[in-house]
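One structure is given here, and the rest of the page talks about it.
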Amino acid sequence: MASGRLSKAKGKILDIPANAPTIGTATDSADADGGKVSVAFTPDSSGVGGPIFSYIATSNPGSITGTGSSSPIVVSGLTDNTSYTFTVASRNPSGNSPTSAASNSATPTIPFSSGMESIATYALTSSQATITFSSIPATFKHLQVRMLARTDVNGSTDNIQIYFNGDTSNAYSRHQFTSDFGSPASATADPDQPLFTGTIGGNTNNANVFGLAIIDVVDYSVSGKYKITKAFTGVDYGTNGYMTQMAGSWNNTAVITSVSIAKQSGSNFVAGSRFALYGLKG
Amino acid sequence: MATGPVYECIATNTLSSDQASISFTSISQAYTDLVVRMIHRSSTASNVTIRTQINSITSGYTSTYIGSTSGVFSGRHSSNSYFEMSNTPNNTLNFASTSMDFMGYTDTNKWKTVLCKYGSIDLESTVYLGLCQTTEAISSLTFTTSGSGFNSGTSVQLYGIKAA
């Protein structure tokens with residue numbers, strides 16, 4: 001008798017489980033945070049050896065383990081986009097059974113897109129000069145601003161600008177094309193100060209006219225790249241209209257932690273304007 | 001930050017036969033914006049335009065647009081009885097793609113503004129900015145054509161986007 005393979009439990013000496021489980025299929029758990037594989041197995045039902053208290057799955061490489069009382073076992077803490085195989089053993093306080101054969105290879109991943117989440121919204125109940133989303137978490141791949149707004153400029157339209165991390169210098173550049181009251185036009189600006197995104201409504205229109213903008217900021221949470229922005233902006237106020245598609249760059253490699261939206265001519269965005277910031281997983 | 005999904009599919013309709021119109025009715029008011037994504041083709045051998053109607057409103061639609069065929073064009077649609085924002089290829093051509101963003105669709109103190117992006121490899125690529133002079137919340141959207149309707153295989157999805 002090998003004393004290291006026995007133990008006393010409630011005064012009774014246990015044998016270790018004699019046989020290995022039969023390995024099943026290992027699959028990526030497709031967890032939103034990644035790093036997890038689910039390992040299926042069939043318990044040994046021979047009744048030979050000591051009682052089975054639990055099971056342990058072990059990765060190769062890494063010898064990262066997960067335990068459970070039944071199949072499947074989820075092994076966490078794995079490295080995404082790395083291939084692993086797994087073995088499973090039965091356990092009781094005396095020790096582990098022999099290990100199963102190795103599983104198929106499985107690779108944990110973060111799903112390509114875990115969706116779109118709302119980060120913050122400003123729905124103005126009184127006029128406001130500049131809208132700033134600050135302390136933006138770096139947990140997304142891309143940002144999208146969706147806004148419906150008008151300003152108090154004394155005219156039919158006003159322009160809006162976007163800037164990042166409080167930088168109002170001329171560190172921006174852009175290309176754009178417009179339908180300018182129904183006529184085509186295009187423009188470039190390098191440098192731009194800050195980034196012009198297009199035209200929304202002003203206060204000489206009917207009070208129900210608000211312009212829209214959908215602004216995408218890609219790869220905002222990585223350093224080492226200039227930050228690229230694409231915007232559709234426009235307003236139609238019945239008797240005329242204006243629309244802009246803009247591609248722009250903030251020529252800075254910093255991670256974006258704040259996004260500000262400003263009007264160009266008027267003093268304020270008016271009450272009723274709404275600005276929503278979303279994060280897109282990737 | 002809002003929890004749970006903020007970009008949800010409200011309804012979808014894929015035609016198994018030619019159909020004169022496609023409608024989404026009783027649209028939930030639980031979102032901030034609506035997004036329509038569509039692949040479409042005419043039911044006949046003629047290229048036609050898609051007409052979009054909000055609720056039962058038959059006046060006050062205008063739009064500003066810019067696009068490209070072999071050259072750039074732009075212009076305006078004024079005083080229409082529907083949005084006329086994208087063409088649809090005839091049934092011998094490839095399906096075209098259209099997306100529409102209706103912002104603030106439940107707001108009853110704003111006229112309704114929409115951004116429409118349209119592309120057909122056979123016809124053109126165009127962006128529209130549209131206005132419907134109504135403060136009604138959007139509860140239904142109806143799509144028809146200037147011809148006899150949509151071809152089998154045309155598919156339309158309606159999404160809602162929530163804000164925090």
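Within every chain, numbering begins at 1; the chains are lettered A, B, ... in the order of the sequence lines, protein sequences first and strands thereafter.
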Pair B:S148-B:S43, side-chain donor/acceptor within less than 3.5 Å = yes
So which of B:T135, B:D107, B:V72 has the largest heavy-atom pair count under 4.5 angstrom toward chain A?
-> B:D107
What residue in A:S183, A:A207, A:A276, A:P184 has the most heavy-atom pairs under 4.5 Å with chain B?
-> A:P184
Check the side chains of B:N87 and B:N47 for a donor-acceptor pair under 3.5 angstrom, ignoring hydrogens and angles.
-> no
Do B:R76 and B:T64 meet the criterion of a side-chain donor-acceptor pair at a distance under 3.5 Å?
-> yes
Does one side chain, of B:S81 or B:S59, offer a donor that lies under 3.5 Å from an acceptor on the other?
-> no
Checking heavy atoms, do the side chain of B:K112, its backbone, both or neither come under 4.5 Å from chain A?
-> neither
Check whether any side-chain heavy atom of B:V114 sits under 4.5 Å from a side-chain heavy atom of B:M85, and report yes or no.
-> yes
Please look at A:L277 and chain B and tell me whether the side chain, the backbone, both or neither of the residue comes under 4.5 angstrom of a heavy atom of that chain.
-> neither
Side chains of B:T98 and B:H40: donor-acceptor distance under 3.5 Å anywhere?
-> yes
A:Y237 versus chain B, heavy atoms under 4.5 Å apart: side chain, backbone, both or neither?
-> backbone
Would you check if there is a donor-acceptor pair between the side chains of B:Q157 and B:S155 at a distance under 3.5 Å?
-> yes
Polar contact flag, side-chain donor to acceptor under 3.5 angstrom, B:N91-B:S42 | no
Considering only heavy atoms, give the residues of residues 240-268 of chain A separated from chain B by less than 4.5 Å, sorted numerically, with 'none' for an empty result.
-> A:N240, A:G241, A:Y242, A:M243, A:Q245
Most heavy-atom pairs under 4.5 angstrom with chain A, which of B:L129, B:T32, B:D33?
-> B:L129
Sort A:R146 into side chain, backbone, both or neither according to what part of it lies under 4.5 angstrom from a heavy atom of chain B.
-> both
Out of curiosity, B:F102 CZ to B:I161 CD1, how far, rounded to the nearest 0.5 Å?
-> 12.5 Å
Matching residue for B:L123 among B:T69, B:N90, B:L93 - test: side chain to side chain contact (heavy atoms under 4.5 Å, CB included) = B:L93
Name the region of B:Y61, side chain, backbone, both or neither, that has any atom closer than 4.5 Å to a heavy atom of chain A.
-> neither
